[in-house]
Peer 1: 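My questions all concern the structure below.
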Amino acid sequence: MKKRVVLALGGNAILQPGQAGTYENQKANIETSADSISKIIKAGHELVIVHGNGPQVGQILRQNELAKEEVPVQPLPICSSESQGFIGYMLQESLKNRLPEKNVATVLTMTEVDLKDEAFNHPTKPIGSFYTEEESQKLAEEKGWVMGEDAGRGYRRLVASPEPKQIVEVDVIKTMLENEIVVVSTGGGGIPVAKNAEGKLEGVAAVIDKDSSALRLSKDVASDVLMILTDVPNVYINYGQENQEKLESISIEKAEQYYNEGHFSDGSMGPKMAACIEFAKLGKTAIICALSDAVEALEGTAGTRIVG
Ligand code: ADP
Ligand code: MG
């Protein structure tokens, strides 16, 4: 049966830990990802692909930093849209080569956030270059950046990670899905924009969690399935310990209990489980699995599934 699926690709779908981030690295990973993704499309499902962009936007920020004497520095929303553009291109090329009869297109996507979101009061997400303490104080004074120490490696700019309120291009995405177009959208959680004092949309320096944005998008396009593809085959309780236990099909109540007990780390599995629990509460299917198990997980024979 044909399903509408929102698929969130983890960072490893584009860049593996330890890789430098060359074009060749990224293309090779995307080719592997496209093998899994094209199987879902061939099975006849409607598909929106959301992807991460952390390392890619990091590289663009670094390029800006290094070239600032010669080329004007661009703000974070511009860097974010650049990363959506090139990742979208690579996915389009790899998918089109596998499915010449299908239309595949990327929508540069803005995600609206609220400037009153309390996340803006205490930015937590480190982005861009590392600085010394002295440089970091200067940047805080000159640019008003909030700076923070990052795991003993130096100082970095911190930006807010607000909740996604709305996917601005949602109607475009729905129209494309109705016309059987495979859509790449909301990359990196979307380009963060907010209504300014005049009520006009304007880019803001923020990073939106891609799993939260994938949930927002799943709700807004009324998808049947939210599928989060990452680098582990399942979600576990007591993860990384001797008594770790694989979760296959679990109830919303159990998932909430484990969540509250702290089994899912804040910056990684936490937001994925939070998104899946909320989606499952709508009576829909929420799955977390490895990229390579996507088709099996959709059929219910792999991955972790939260059932309502
Ligand atoms: P992505 O780029 O796919 O968003 P993340 O690194 O953010 O990837 O999240 C996936 C990681 O979450 C896994 O590699 C794993 O190390 C970590 N993780 C934390 N808690 C758990 C858990 N309970 N079960 C499985 N993985 C977990
Ligand atoms: Mg992540």
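Read the numbers this way: they start at 1 and go in the same order the structure lists the ligands and their atoms.
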Peer 1: Run the numbers for me: atoms of ligand 1, each under 4.0 Å from some heavy atom of Thr230, listed by number.
Peer 2: 1 (P), 3 (O), 8 (O), 9 (O), 10 (C)
Peer 1: With a 4.0 Å cut-off on heavy atoms, is Gln244 touching ligand 1?
Peer 2: no
Peer 1: Knowing that exactly one of Asn234, Ile287, Ile288, Ile250 qualifies, which makes a side chain to side chain contact (heavy atoms under 4.5 Å, CB included) with Arg305?
Peer 2: Ile287
Peer 1: What verdict does the side-chain contact (heavy atoms from CB on, under 4.5 Å) test give for Lys210 and His51, after you've listed the backbone C-alpha separation in whole Å, the side-chain angles of each residue and the deciding distance to 0.1 Å?
Peer 2: CA-CA 7 Å; Lys210 72 130 188 2; His51 58 80; over 6 Å; no
Peer 1: Would you confirm whether Arg4, through its side chain, and Val221, through its main-chain N or O, come within 3.5 Å as a donor-acceptor pair?
Peer 2: yes
Peer 1: Tyr239 to ligand 1: N or O pair under 3.5 Å?
Peer 2: yes
Peer 1: Looking at Asn234, which atoms of ligand 1 are within less than 4.0 Å of one of its heavy atoms?
Peer 2: 25 (C)
Peer 1: Answer yes or no for Lys272: is there a heavy-atom contact with ligand 1 below 4.0 Å?
Peer 2: yes
Peer 1: N/O of Asp211 under 3.5 Å from N/O of ligand 1, yes or no?
Peer 2: no
Peer 1: Out of Pro271, Ser268, Gly54, who gets a non-hydrogen atom closest to atom 12 (O) of ligand 1?
Peer 2: Ser268
Peer 1: Which ligand 1 atoms are under 4.0 Å away from a heavy-atom of Asp231?
Peer 2: 10 (C), 11 (C), 13 (C), 14 (O)
Peer 1: So, are Lys2 and Asp224 salt-bridged, with charged N and O less than 4.0 Å apart?
Peer 2: no
Peer 1: Look only at interatomic distance and state if Gly11 has a nitrogen or oxygen under 3.5 Å from any nitrogen or oxygen of ligand 1.
Peer 2: yes
Peer 1: Taking Thr304 as the fixed residue, which of Leu247, Ile228, Val232 is the one that meets the side chain to side chain contact (heavy atoms under 4.5 Å, CB included) rule?
Peer 2: Leu247
Peer 1: Can you list the ligand 1 atoms lying under 4.0 Å from a non-hydrogen atom of Met269?
Peer 2: 12 (O), 18 (N), 19 (C), 20 (N), 21 (C), 22 (C), 25 (C), 26 (N), 27 (C)
Peer 1: With a 4.0 Å cut-off, would you call Lys200 and Glu202 a salt bridge?
Peer 2: no
Peer 1: Does a salt bridge link Glu31 with Arg98, judged by any charged N lying under 4.0 Å from a carboxylate O?
Peer 2: yes
